[in-house]
Amino acid sequence: MSVRFVIAMAEAALVEGVELAARPDPASAYTLTAGRLWSLVAALLGLAGVVIGGLALARSAGRIGTGTGRRGAIVALAAGLAGAVGGGLVVAAADGGPGTGYGIVGGFVALAVGLIAMALGGLALARSRRTG
């Protein structure tokens with residue numbers, strides 16, 4: 001082997017080692033990182049909004065209970081907005097893709113569930129105004 005070849009290989013190994021040290025290690029599947037925690041909280045808020053919005057929609061249609069479901073519709077709108085904003089912030093702050101521990105998948109789920117909760121809450125609010 002020539003000296004030039006050995007120097008080129010050493011240089012390549014050094015550069016690759018520096019690049020590997022600069023990249024963060026992906027988190028394991030069971031590690032609860034801050035991004036995963038915030039995306040989980042946002043998704044649970046959105047899920048609560050979906051449940052409350054569904055109940056408010058059923059109440060505004062006169063299927064369960066008495067009343068118009070206006071309060072439930074407003075709570076569903078607020079919970080859906082909080083879940084969507086939380087999921088959006090997690091997605092915006094994520095530096096890596098799925099599996100890196102930044103919670104990007106949960107952020108997208110929270111964003112979608114929050115939008116569904118806001119749609120259900122808005123529909124229930126519109127029905128409560130019509131029937132009330």
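Positions are given from 1 along the sequence.
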When every non-hydrogen atom of Leu45 is compared with those of Ala79, the smallest separation belongs to O-CB, 3.6 Å
Residues passing the side-chain contact (heavy atoms from CB on, under 4.5 Å) test with Ile74, sequence neighbours excluded, are Arg70, Leu125
For a quick test of reading the model, state the closest non-hydrogen atom pair linking Val90 to Tyr102 and the distance between them.
CG1-O, 3.8 Å
Test side chain to side chain contact (heavy atoms under 4.5 Å, CB included) on Val91 and Phe108 and set out the steps.
CA-CA 7 Å; Val91 168; Phe108 279 122; 3.6 Å; yes
Of all the heavy-atom pairs spanning Ala76 and Gly49, show the shortest one and how long it is.
CB-O, 3.4 Å
Hphob cluster co-occupancy, Leu115 + Val85, side-chain heavy atoms under 4.5 angstrom
yes
Give the minimum heavy-atom separation between Ala124 and Ala73, together with the two atoms involved.
CB-CB, 3.8 Å
I'd like a table of donor-acceptor pairs (distance under 3.5 Å, sequence neighbours excluded) in which one partner is a side-chain atom from residues 37-44, with atom names and distances.
residue: Ser39; atom: OG; partner: Gly35; partner atom: O; Å: 3.2
residue: Ser39; atom: OG; partner: Arg36; partner atom: O; Å: 2.9

Side-chain contact test, heavy atoms from C-beta onward, threshold under 4.5 Å: evaluate it for Val113 versus Val50 and give yes or no.
yes
Which other residues end up in the same hydrophobic cluster as Val75, if Ile, Leu, Val, Met, Phe, Trp and Tyr are linked when side-chain heavy atoms come under 4.5 Å apart?
Ile52
